[in-house]
Amino acid sequence: MALDQSFVGRTYPPTEPYEVGREKIREFAEAVGDTSPVYTDPEAAKALGHPDVVAPPTFVFSITFKAAGQVIADPQLGLDYSRVVHGDQKFAYARPVRAGDRLTVTSTIEAIKSLAGNDILDIRGEVHDETGERVVTAWTKLVARAAEGA
Amino acid sequence: MTSKIAYDDVEVGTELPARTFPVTRDALVRYAGASGDFNPIHWNEKFAKEVGLPDVIAHGMFTMAEAIRVVTDWTGDPGAVVEYGVRFTKPVVVPNDDRGATIEVSAKVAAKLDDRTVRVDLTATSAGQKVLGMSRAVVRLG
């Protein structure tokens, strides 16, 4: 069933702050096999002008996707998550995420489309730090494939 | 932000050093833990096949994370990345053997933009198939 278009533009309440830890950044960098010291050594990060170690560019997805869970699990929207695949992902950075950040995410439904029985949902996550400055915006396109026989 | 590449030293068509990234089953388990994405299609072969996949597939976000390393290695500073976007076109299928899969990433400067930024277009393939589409980054150079 097509998703309700009246949800376009709906903004969900900001998430509780996520505190970015040095060791979580290290774990993520190791998981993607990146040995750059800017992710693990505060002095190397400072040499590049960062106050502390920074996170790899896609690190923040874990935070924004968790926030998007508010949208995905919204019973009024009624998205069938078992049929969802990740279509597109985009980030626009004001600055890199870094250790010590306390980040909140505000998710907004930007678009809902129906194409050949598939529901396509565009969610924008605005990520702010504890001072209220925008750090990054993440756009996530989810595609809920048509149910068989639908 | 301190890019080791100068804006004036690049032109449209400048190629970034290409890279090949291995993807093994244990890398996917590590990535699941680090990212919090425990979808069983990324580690459970039986489950993956039940939902119609040929085998376990890599997280799309793992592929996205690998591809941008071509850019962050080039600039030397991940803070140089202003924008980064991809479309997930095909899955990276990761067999349970000693070799796993590989992701081959190439990139070139596609446009010189304002404010000492350039657009870099990336190509990522695995087993001869393009796994990312519309894969682009905007990068601030020195």
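Every chain is numbered from 1 and lettered A, B, ... according to where its sequence line falls, protein lines coming before strand lines.
For a residue to count as touching a neighbouring chain, one of its non-hydrogen atoms must lie under 4.5 Å from one of that chain's; by this rule A:Y39 touches chain B with the side chain only. Heavy atoms of A:K66 lying under 4.5 Å from chain B are absent altogether. B:F62 touches chain A through its side chain: at least one heavy atom from C-beta onward sits under 4.5 Å away, while N, CA, C and O do not. A:V32 touches chain B through backbone and side chain together, each having a heavy atom under 4.5 Å away.
Hydrophobic clustering (ILVMFWY, side-chain heavy atoms < 4.5 Å, transitive): A:L142 and B:I57 are in distinct clusters. In the hydrophobic cluster analysis, where Ile, Leu, Val, Met, Phe, Trp and Tyr join through side-chain heavy atoms closer than 4.5 angstrom, A:W139 is grouped apart from A:L3. In this structure, A:V8 is not a member of the same hydrophobic cluster as A:V143, with clusters built from ILVMFWY side-chain heavy atoms closer than 4.5 Å. Note on B:F88: it clusters hydrophobically with A:I72, by side-chain heavy-atom contacts below 4.5 Å among ILVMFWY residues. Under the 4.5 Å side-chain heavy-atom criterion for Ile, Leu, Val, Met, Phe, Trp and Tyr, A:V127 and A:I123 are members of the same hydrophobic cluster.
Using a 4.5 Å heavy-atom cutoff, the side chains of A:P57 and B:T72 are in contact. B:V81 is not listed as a side-chain neighbour of A:F91, based on a closest heavy-atom distance of 4.5 Å or more.
Rounding to the nearest 0.5 angstrom, the gap separating the OG1 atom in B:T75 from the CG atom in A:L48 is 9.0 Å. Considering OG of A:S36 and CG of B:D73, their distance stands at 7.5 Å, rounded to 0.5 Å. Between B:E66 atom CD and A:T58 atom OG1 the span is 8.5 Å, to the nearest 0.5 Å. A distance of 12.5 Å separates CG of B:N39 from NE2 of A:H86, quoted to the nearest 0.5 Å.
For chain A, the option among B:A65, B:G33, B:G76 with the highest count of heavy-atom pairs below 4.5 Å is B:A65. In terms of non-hydrogen atom pairs under 4.5 Å with chain B, the most contact-rich of A:A92, A:P96, A:G87 is A:G87. Among the candidates A:K90, A:K141, A:R95, A:R98, the residue making the largest number of heavy-atom pairs closer than 4.5 Å to chain B is A:K90. Considering only heavy-atom pairs separated by less than 4.5 Å from chain A, the leading option among B:M64, B:M134, B:R136 is B:M64. Chain A forms the most heavy-atom pairs under 4.5 Å with one residue out of B:A137, B:S35, B:A32, and that residue is B:S35.
The 12-atom threshold is exceeded at NZ of A:K24, counting heavy atoms of other residues, nucleotides or ligands nearer than 6.0 Å. Enclosure of atom NZ in B:K108 is not indicated, since only 12 or fewer non-hydrogen atoms of other residues, nucleotides or ligands lie within 6.0 angstrom. The 12-atom threshold is exceeded at CZ of A:R145, counting heavy atoms of other residues, nucleotides or ligands nearer than 6.0 Å.
A pairwise comparison of heavy atoms in A:Y93 and B:E83 identifies CD1-N, 4.2 Å as the closest pair.
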